[in-house]
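This structure is a prediction, so every number in the text was calculated from the model and none was measured. Note that these values count all heavy atoms, side chains included, but never hydrogens, waters or copies made by symmetry. Chain letters run A, B, ... following the sequence lines, proteins first, then strands; residues in each count from 1.
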2 protein chains.
Amino acid sequence: MATRAGVSEISVSRVMRNAPNISDALRRKVTDAANALSYTPNRLAGALKSQSSNLVAVVLPSMSNAVFPAVLDGIESVLDEQGLNAVLGLSGYDPDREVRVIRELLSWSPKGIILTGVHHGEAVRGMIAQMDVPVVQIMDIEGDPIGSMVGVSHSHAAIAAADHLHARGYRRIGYIGAWNERPERSLARRLAFEQQLQHHGTPLVAAHILEDRSSARIGAAATIALLTEHPEIDCIFYANDDLALGGLFYALSAGLDVPRELGLMGFNGLDIGKATPIPLSSIETPRFQMGAKAADLLLRSRTEGPQTVDLGFRVFDGGTT
Amino acid sequence: MATRAGVSEISVSRVMRNAPNISDALRRKVTDAANALSYTPNRLAGALKSQSSNLVAVVLPSMSNAVFPAVLDGIESVLDEQGLNAVLGLSGYDPDREVRVIRELLSWSPKGIILTGVHHGEAVRGMIAQMDVPVVQIMDIEGDPIGSMVGVSHSHAAIAAADHLHARGYRRIGYIGAWNERPERSLARRLAFEQQLQHHGTPLVAAHILEDRSSARIGAAATIALLTEHPEIDCIFYANDDLALGGLFYALSAGLDVPRELGLMGFNGLDIGKATPIPLSSIETPRFQMGAKAADLLLRSRTEGPQTVDLGFRVFDGGTT
DNA sequence: TTGAAAGCGCTAACAG
DNA sequence: CTGTTAGCGCTTTCAA
């Protein structure tokens, strides 16, 4: 390639990387040769030498929760514009697998790593410290971070939900969760929610926690079960919109009068919930933005150091409360 | 690291890669030292030397269509178990950007590359030929593939949809698409659908193609528009479930008698459509399996060569037809 | 079964 | 503005 262009290897390297102080003549020669040979640089070699890789490691639990695709879109939107690539790892909500995945991804000497949640043990902290790689943890902003954090306060969100439901006049409120309250932030939400209801003098009537992963189907089934067991319940707060949509669909089929007879509130504010016959009340979280901001912080972290960014949430007052 | 274990560099390498013919004593020494130093191998160097990288490039259009997260989950399920990592690129349905992304990903010398769709020009074919990297194209099985293909026949699926609706007695059928019929496979579906309706002697009444991307919200709006313009329509086939759900939600709100007064059929068979008050009729596509099979084919391609795998679809007869 | 030497393709550091 | 030199951390090849 260098010989083809009739210049030195390093000049090729400089042109390919848009280094400064390159004459137009040289640039022309190299670009022409590159096109003629459809030359693809080997970033493996470049990264090895320069000790920094244009790869960003991204560790998410799974793609099957609609939250994470949106986060990933946000991450990619920033990485793409900076010419970086994401190496992806999925933990499947399994801490051991997460450790393994992180180890694998770190072996590519990424420019930074984005992790989900704030609950990471010594194994992870050790690896990251050793590699001296910038970290951003997303989703949560409460906890002991490794580096930066970008997310929302789940306890505040739960309190806002409790306040909203109380303001709407609901007094006999139930809760439905799934997946045994994994991840921990959903547990944190329920606890804060219960506490705030207590504070209002209208303690939670019952919490129904399923073993299965969230889906509209099991949300519907759980709603039926909860209402059968506790017919006095006048409102249900769900761990997420998938469950809540199941509840809403059940209520619509059963001809319940929503929101008078039964109030329903989800979490995340997915688009689909805005299009249902009665829009689903929910807590909107900035998922895309969370990913974008995380990538952004990662790139700034060399100069600006670790930060914690609260992206906030919004109570979306649909028609179900 | 090698000195710490008191052995040669190459022995460390062999142990780390589980090479054959290693004595237990050596293996012990190396593993102990590795744990003591929490040694992370540098795959950049390994891949550079061995010319093969344990990375698999994955190019998808976007995460905001629920199809692709499921595909990605499928891909990851296989890669994870083989100790491979995915480098992800999103094209945003933009061919130019796709070329750029593919070039970037190829520069990591991936073990293989997974592309979405079968419409790739000479630029892409050239790069791939030059790198001599195995390719699997997903989603479609009709077209001129670069390497392997894994997907479903969109024309057959459309024909099956037309047959189903005809068998259900619908005679004045409309169609709603979005995003100007990107990607091309959705256009292929509509054309095959129209042709089959023609074949049945009940030509399509009207097709309403939106500019915006699919969502339940615009699906509802388009449904209203289409029915206003063509009140005689008794059934609508949608380009995907997002649009169809919007139509269903509108019909439920408006008190239309589904499926008698209006039939609705989507495409993809998303879970959410199975939980709606009336389950949404749709064409189920094997999304997770498509990703898994694609990754699988990539790994086998060295030995078995390119293949085309038709994963098939299923007409899901919900309550909306 | 283990080791020594060489070099993958690039880029940092320094010269010119 | 361009080139020379050296070496990133591994693994291939060959030898012991």
Side-chain angles (χ1 to χ4, degrees), chain A residues 1-34 37-55 83-85 103-111 127 130-133 302, chain B residues 1-34 37-55 83 85 103-111 127 130-133:
Chain A
M1 165 71 199
T3 51
R4 163 66 178 252
V7 299
S8 72
E9 232 184 304
I10 183 71
S11 297
V12 175
S13 169
R14 291 206 256 251
V15 171
M16 297 308 289
R17 286 177 297 140
N18 277 311
N21 302 334
I22 302 285
S23 71
D24 284 356
L26 181 63
R27 169 160 284 126
R28 272 292 302 277
K29 274 195 281 189
V30 174
T31 1
D32 288 354
L37 304 170
S38 46
Y39 165 73
T40 310
N42 183 334
R43 304 224 173 167
L44 253 24
L48 174 60
K49 174 64 196 184
S50 64
Q51 314 271 27
S52 83
S53 86
N54 281 328
L55 288 174
L84 303 174
N85 292 119
R103 191 195 314 283
E104 294 224 322
L105 297 188
L106 286 179
S107 73
W108 294 105
S109 314
K111 175 155 279 156
M127 289 189 291
Q130 178 150 0
M131 301 290 295
D132 189 33
V133 60
R302 283 281 177 228
Chain B
M1 165 69 198
T3 50
R4 163 65 179 253
V7 299
S8 73
E9 230 183 303
I10 181 65
S11 298
V12 175
S13 169
R14 290 206 255 252
V15 172
M16 296 308 288
R17 285 177 299 140
N18 278 312
N21 302 334
I22 301 285
S23 71
D24 284 357
L26 182 63
R27 170 161 282 124
R28 271 293 300 277
K29 273 195 282 188
V30 173
T31 1
D32 287 354
L37 302 171
S38 48
Y39 166 73
T40 309
N42 183 335
R43 304 223 174 166
L44 252 24
L48 174 61
K49 176 66 198 184
S50 65
Q51 316 269 31
S52 82
S53 86
N54 281 326
L55 288 174
N85 292 119
R103 190 196 314 283
E104 295 225 319
L105 297 188
L106 286 179
S107 73
W108 295 105
S109 314
K111 175 156 279 157
M127 289 189 293
Q130 176 149 0
M131 301 290 294
D132 188 34
V133 60

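- Atom CG of B:Asp24 and atom CZ of B:Arg28 lie 9.0 Å apart (nearest 0.5 Å).
- Between B:Ser50 and D:dT11 there is no side-chain polar atom (N or O) within less than 4.0 angstrom of OP1 or OP2.
- Per the geometry, CD1 belonging to B:Ile22 stands 12 Å off P belonging to D:dT11, to the nearest Å.
- Place B:Arg14 and B:Thr40 on DNA chain D by their nearest nucleotides, and B:Thr40 ends up nearer the 5' end.
- Taking every side-chain heavy atom of A:Leu48 into account, D:dG9 is the closest of D:dT13, D:dT2, D:dG9.
- A donor-acceptor pair under 3.5 Å is absent between the side-chain atoms of B:Glu104 and the main chain of A:Asn85, judged by distance alone.
- Among the nucleotides D:dG3, D:dT12, D:dA6, the one closest to the side chain of B:Ile10 is D:dT12.
- Among the atoms of the strands shown, only primed sugar atoms or phosphate atoms (P, OP1, OP2) are found under 4.0 Å from some heavy atom of B:Leu26.
- Taking OG1 of B:Thr40 as the reference point, atom CE of A:Met131 lies at 5.5 Å (rounded to 0.5 Å).
- In summary, contact between chain B and DNA chain C, defined as any nucleotide atom under 4.0 Å from a heavy atom of the protein, begins and ends at C:dT1 to C:dG9 in the 5' to 3' direction.
- Of the candidate nucleotides D:dT11, D:dC1, D:dA6, D:dC1 has the atom nearest to the side chain of A:Asn21.
- Summarising the geometry, atom OG belonging to B:Ser107 is positioned 10.5 Å from atom CE belonging to B:Met127; distances are rounded to the nearest 0.5 Å.
- For D:dT4, the OP1/OP2 oxygens have no side-chain nitrogen or oxygen of A:Ser8 closer than 4.0 Å.
- Contact of the B:Tyr39 side chain with the B:Val30 side chain is not registered, since no non-hydrogen atoms from C-beta on lie closer than 4.5 Å.
- Among the heavy atoms of the strands lying under 4.0 Å from B:Gln51 are primed sugar atoms or P, OP1, OP2 only; no base atom is included.
- Taking atom NZ on B:Lys49 and atom C1' on D:dT13, their separation rounds to 8 Å, with Å as the unit.
- Side-chain contact annotation: A:Arg27 with A:Thr31, donor-acceptor N/O pair under 3.5 Å absent.
- Side chain of A:Gln51 to backbone of A:Ser109: no donor-acceptor contact under 3.5 angstrom is found.
- Toward the 5′ end of DNA chain C lies the nearest nucleotide of B:Gly6, the other residue of the pair B:Gly6 and A:Ser13 mapping further downstream.
- At least one side-chain nitrogen or oxygen of B:Tyr39 sits closer than 4.0 Å to the OP1 or OP2 atom of D:dC10.
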